[in-house]
Amino acid sequence: MAEQGVSVICEGGLDLVGSTHTLFRTPGVATELQNFESSIHGGYRRVNGFAKFGSNQPNGSTNNVEGIFRYAKGVVACQGSNIYYSTDGSTWTQVNKNTYQSKTGTVAVSSGSATITGTNTSFSSEFAVGDDIRINGEEYNVLSIASNTSMAVDENFISSASSQTIYKNGATAGQLSSGSTVARTNQSNCQFALYEGESQYGELYITDGINEIAQLKIEISGNTYTYYFKEIEARSAPSDPSLCTIFAERLIVAGQSSNPQVIAYSTRLIPEDFTGASAGTIDVGDRIRAVKPFRNKLIIFCKDSIYQLSNLDSTPVLSGVTKNIGCLDGNTVQEIGGDLIFLSPDGLRTIAGTARIDDIELSSISRKILPVFRDDVLPNLATITFSSMVVREKSQYRLFYFDTTKSDSTQKGIIGTFKISSTGAAVYEWSQTVGIPAKRVHAGTDENNSEVLYHASEDGYVYSHDTGNNFGGSNIEAIYKTPDLDYGDAGVRKTLYYLKTSIRAEGTNSNLKLLPRFDFEDNNVPQPNEIELGALAQPAAFGAALFGTAVFGQTLFPQQRTVLAGSGFTSNFKIRSTDTASPYTVSGFYVDFIPGGRI
């Protein structure tokens, strides 16, 4: 009989639940997709690697890094009992220090009054409106300056005192190095909230469920760095919240050890003040696991329920989204594609705003990879630490489940790429990662508004995520396996002639291998050996290509022709690579075969 052929477009992502006959109709999906990502440009792309951010650990030890955040042209990392800052990952500065500096003269204050009276002071030259000051252990913000010896703060003093030293928050690098440490005991799972405000880079708030709320601010002028740090203890601030976010121009905190069901919100425009008329608390009646702004509402994820909070500027309105579904872990909550994703007991779900005003819709999005949660995640919750991020340039949600009983090379995660299908529906195409030990992660933007990604494992280092061609120096093992293809008729034997793969190279790669298998890998059927796919090379681009490293005249998606051997009623193909070479994208393939008779 004459040769026939079938073309397959690589799309749909990982499908672990489809039956064999269902998968006949969706040949572009994958039954294995390890260390690939579904590309927004089509096809399956081998993932990038990761590398150390600089050469040193923040505190020089293997203590776990319990939080990472991009801030003020650098990275803030919480490790051990301290908080560190670095612009290059090699030199780290401890910033949880007493940054208040004494100023000229002495001052007197009276209980119930907001006025400060100075003796031999220089208020006009040493202070400015908005400065953070400390007198007699009490902290306030300067509201107005009348003269060198008189100024007012934003709240009445609690106690009367005279002949007191006045301190102003703000320390240079030299002053910081000699400052006393404000210990952050047993930091764990640190959460960050950036309040933009009017300062240069905003004010960073840090919670960990053990210590007071920390406030960090850094200002940069040329090569001069000024550091501001304090713990928020006064003005009815919750003592040990584990969660924080910014919503309605307020600092929102929750997850106190004594009141895990209570959410507290600060005074509007004053995130460190929880006593003002526009501040308050709300008891939702269920253990809170995450708080996340969503449009004009605050979504409160609890153990067994979900609520939405709005209207904080007048009479707060708390309403239920669901009392039948809860959130397994707050570190899984992210916003992408106009939805909030979270991990529920039955897999990943989204909270989406519908076309109806004030309406919320819940949807399940991980049905195709339910075996991942059933087999890898849910049985091991006691030893798993979740982390997640959104890679906005790739429209990806990445979820990592770090298992303390496993080595770094076997740590797993999933990647979901958000796409719009040909019918206009929002879909996620899934894949898995193996070998990315991400226990804590962060996605942010740098001073050029470029996306930056970080993660940390248990070796004390901060890593730049999604960069380079290796996993911290180790090979990336990538596997893409197709479902069995019946070529339109599972009752006819086919003799395979050749395979053309459409693979876009991003650099030289000669390590790709192809493994064909027949009849659902039946051991009674002769199976071919693994085949070398041949060398890939990046096509030359005018103005960028280097002689000897790029192929001139090469197409963007060259067709790699590979001769096949063997026959069967169905067949599948596995493409794999284990190397530190450049990424590549498998966009599709063409199978040429000769149909035989029915048996």
State whether Tyr100 and Arg134 meet the cation-pi test: NZ (Lys) or CZ (Arg) under 6.0 Å from the six-membered ring centroid, and within 45° of the perpendicular axis.
yes
Do side-chain atoms of Ser266 reach the backbone of Leu251 as a donor and acceptor pair under 3.5 angstrom?
yes
Salt bridge or not between Arg367 and Asp346? Use side-chain N to carboxylate O under 4.0 Å.
no
Any luck finding a side-chain donor-acceptor pair between Asp273 and Thr275 under 3.5 Å?
yes
Examine the side chains of Thr181 and Gln94 and answer whether a donor and an acceptor come within less than 3.5 Å of each other.
yes
Would Thr467 and Ser464 count as having a side-chain donor-acceptor pair, cut-off 3.5 Å?
no
Any side-chain donor paired with an acceptor under 3.5 Å for Asp459 and Thr62?
no
Residue pair Arg392, Glu451: steps toward the salt bridge (Lys or Arg N to Asp or Glu O under 4.0 Å) verdict:
CA-CA 8 Å; Arg392 303 198 181 280; Glu451 190 168 44; 5.2 Å; no
Residues Arg268, Glu249: salt bridge by 4.0 Å N-O rule:
yes
Side chain proximity check, Asn98 to Lys230, heavy atoms < 4.5 angstrom
no
State, without any angle test, whether Ser55 and Ser90 hold a side-chain donor-acceptor pair at a distance under 3.5 Å.
yes
Is Lys419 salt-bridged to Glu429, going by a charged N under 4.0 Å from an acidic O?
yes
Tell me whether the rings of His455 and His465 are parallel (<30°), tilted (30 to 60°) or perpendicular (>60°).
perpendicular
Asn59 side chain reached by Asn82 side chain, heavy atoms, under 4.5 Å:
no
Any carboxylate oxygen within less than 4.0 angstrom of a Lys/Arg side-chain nitrogen, looking at Asp154 and Arg235?
yes
Which class fits the ring pair Trp92 and Phe53: parallel under 30°, tilted 30 to 60°, perpendicular over 60°?
perpendicular
Side-chain donor-acceptor contact under 3.5 Å, Asn331 with Ser387:
no
When you measure from the side chain of Asn96 to the backbone N and O of Val182, does any donor-acceptor pair fall under 3.5 Å?
yes
Can you confirm whether the side chains of Gln261 and Asp283 place a donor and an acceptor under 3.5 Å from each other?
yes
In terms of side-chain heavy atoms, does Asn186 have a donor or acceptor partner in Ser188 at a distance below 3.5 Å?
no
Closer than 3.5 angstrom, by distance alone: can the side chain of Asn189 be matched with the main-chain N or O of Gln191 as a donor-acceptor pair?
no
Whether Lys412 and Asp376 form a salt bridge (side-chain N of Lys/Arg under 4.0 Å from carboxylate O of Asp/Glu) is what I want to check.
yes
salt_bridge(Lys394, Asp466) N-O dist < 4.0 Å:
yes
Taking the inter-plane angle between the rings of Tyr225 and Tyr85 on a 0 to 90° scale, is it parallel (under 30°), tilted (30 to 60°) or perpendicular (over 60°)?
tilted
Compute whether any side-chain donor of one residue and acceptor of the other, for Ser388 and Gln334, lie under 3.5 angstrom apart.
yes
With distance as the sole test, does Tyr201 use its side chain to make a donor-acceptor pair with the main-chain N or O of Ile218 at under 3.5 Å?
no
